[in-house]
Amino acid sequence: MMKNKKKRKVTSTSTTPWPLHTTIDSLPDDVVADILLRLPSAAAIYRAVLASEHWIRVASSPTFLRRLRDIHDYPLLLGHLVSPDGHGTTPPCFYPATLHTSDSDGLLAAMVRRGDFFLTRIQVQGSGQHVLEDCRGGLLLLSDAGTLRVFDPMTHRVSSVDQLPRRGGRAPDHRGRRLCLLPNGDDPDAFRVMSLQHGNAKKLARLEVYNSCTRAWRVLTGAGTAKIPARKHMAKIYRGQYAPAMHAGDRIFWKYDAANLLLSLDTQTMTFSNVCLPPGVTRLSAYAVGETEDGTCCLVHVLESGNRQMQVWRFKVGDDHEGNGDQMWELERQVPLILASPSACLSGCQTLKVETEFTCRGLARPFVIK
């Protein structure tokens, strides 16, 4: 009998035995993550991570937050990064998301406190004039004169992007281009940087993409760059700066200045096309393109005439997108919009409920862990 018990004990032992004196700090990261994900609520997770700095670090990682959202469907809007006066040389300011009474808010607040949203890690590098070029998937793309850096506020990791190569005898100029940050497969630490260079009478438009895995820039040919207009035809914002890219699912959109159109880039095929605005939406309208929780592209439009209304248009995938707005967009819902302040910005509209409302001067980008 004793022999049988001993045999069962041996066969159930792992090939990599635990240390004789195991503590909560000695547990591997994946084991800690599995323990936290088995807890019944975000409040329980929040109380558990306070037990150890190691556990806080694991719970603050983008990988854990993505798994948390997949399992528990918690909203992971941590706040907004605002570039004062549009797109100037001042580093962006961080506005934490408004906290409510839900259990998940305590966890999200802990993540915000853990993150470096004051950019202290990156301020010590370069001249300190860090321009926020883009924000996507929990990563920030910042430019400083001729240098580009990708910064993860949650892990404090800084990745330098190699200089754009000289082409045609001209020196690279990051500020003269439109820069976007894109994911790179399923690896959360990998990324791509896209440089969209507008054409004019003397120079053709060009698209170059940097891959963090190969650490090299590559010119993409056959991407429909003939559809890229000159920069003067694109919408401008404060102080002559151009409107930023709007990410939505697998597409990126830019506003036109003098046409009721959007320039669209399909990031799966890396091809450009023109997309008409929905009926009743013009280049002068208050609208933005984004995505729903399931990644579907949508356009949110605020009707200012009479009682303020909010429309949500859903982008039709797979249709002929060279037609008119009726063919490309489908009106999903329209509801009254009530804001506490006439000048407030709104963000995080889920089930057509305004989750975040704040007033700022400048361009605001949501910081969302996906």
Side-chain angles (χ1 to χ4, degrees), residues 77 79-88 92-93 95 97-98 132 134-136 178 180 229 232-249 251-264 274-293 296-316 324-326 328-368:
L77 172 66
H80 292 79
L81 289 152
V82 178
S83 300
D85 299 321
H87 197 265
C93 302
Y95 290 77
T98 303
L132 180 61
D134 202 4
C135 175
R136 182 68 170 169
R178 289 172 177 268
C180 296
K232 65 181 181 179
H233 296 308
M234 305 306 292
K236 300 180 181 66
I237 53 173
Y238 312 92
R239 296 185 178 180
Q241 300 295 334
Y242 289 85
M246 298 178 289
H247 295 269
R251 287 179 176 265
I252 303 177
F253 294 89
W254 294 268
K255 294 182 178 181
Y256 274 85
D257 181 51
N260 297 330
L261 292 172
L262 291 166
L263 177 64
S264 171
N274 287 322
V275 173
C276 294
L277 293 174
V281 182
T282 70
R283 62 184 180 83
L284 302 177
S285 301
Y287 74 91
V289 179
E291 60 188 18
T292 59
E293 288 187 340
T296 302
C297 174
C298 67
L299 183 148
V300 178
H301 173 222
V302 177
L303 284 166
E304 298 287 354
S305 59
N307 295 328
R308 185 177 288 181
Q309 300 280 315
M310 181 169 65
Q311 294 180 330
V312 176
W313 295 84
R314 186 178 291 267
F315 189 66
K316 297 180 182 179
N324 55 44
D326 289 317
M328 301 179 185
W329 302 94
E330 180 181 4
L331 182 61
E332 179 133 322
R333 288 189 64 184
Q334 178 173 326
V335 297
L337 176 62
I338 301 175
L339 297 176
S341 171
S343 60
C345 300
L346 58 91
S347 178
C349 300
Q350 299 175 1
T351 64
L352 293 191
K353 177 184 177 182
V354 177
E355 295 289 339
T356 303
E357 180 181 339
F358 63 98
T359 302
C360 67
R361 182 182 179 184
L363 177 65
R365 290 183 174 91
F367 184 86
V368 180

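FYI, side chains are in, hydrogens and waters are out, and symmetry mates aren't considered; it's all heavy atoms of this structure.
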Considering non-hydrogen atoms only, spot the tightest contact between [X] and [Y] and give its length.
X    : Y    : value
R308 : V302 : CG-CG1, 3.7 Å
W254 : A245 : NE1-CB, 3.5 Å
R283 : D257 : NH1-O, 3.1 Å
A248 : F253 : CB-CE1, 4.2 Å

### Message
Going by the rule side chain to side chain donor-acceptor pair (under 3.5 Å), which residues pair with Y287 if we only count those two or more places apart in sequence or in a different chain?
### Response
none
### Query
Under the side chain to side chain donor-acceptor pair (under 3.5 Å) test, which residues partner R314, sequence neighbours left out?
T296, E332
Is there a side-chain contact between [X] and [Y] (heavy atoms, below 4.5 Å)?
X    : Y    : result
V289 : R251 : no
K255 : L262 : yes
Q334 : L303 : yes
L331 : W329 : no
H301 : S285 : yes
C297 : E291 : no

### Query
With sequence neighbours left out, what residues match A259 under side chain to side chain contact (heavy atoms under 4.5 Å, CB included)?
Y256, L261
### Message
The criterion is side chain to side chain contact (heavy atoms under 4.5 Å, CB included); which residues satisfy it with C135, sequence neighbours excluded?
### Response
L81, L140, R365, F367
#### Entry: Polar side-chain atom of N274 near backbone of L263 as donor-acceptor pair, under 3.5 Å
no
### Message
As an exercise, state the distance from SG of C180 to CE of M246, rounded to the nearest 0.5 Å.
### Response
11.0 Å
### Query
Can you tell me how far CZ of F315 sits from OG of S264, rounded to the nearest 0.5 angstrom?
6.0 Å
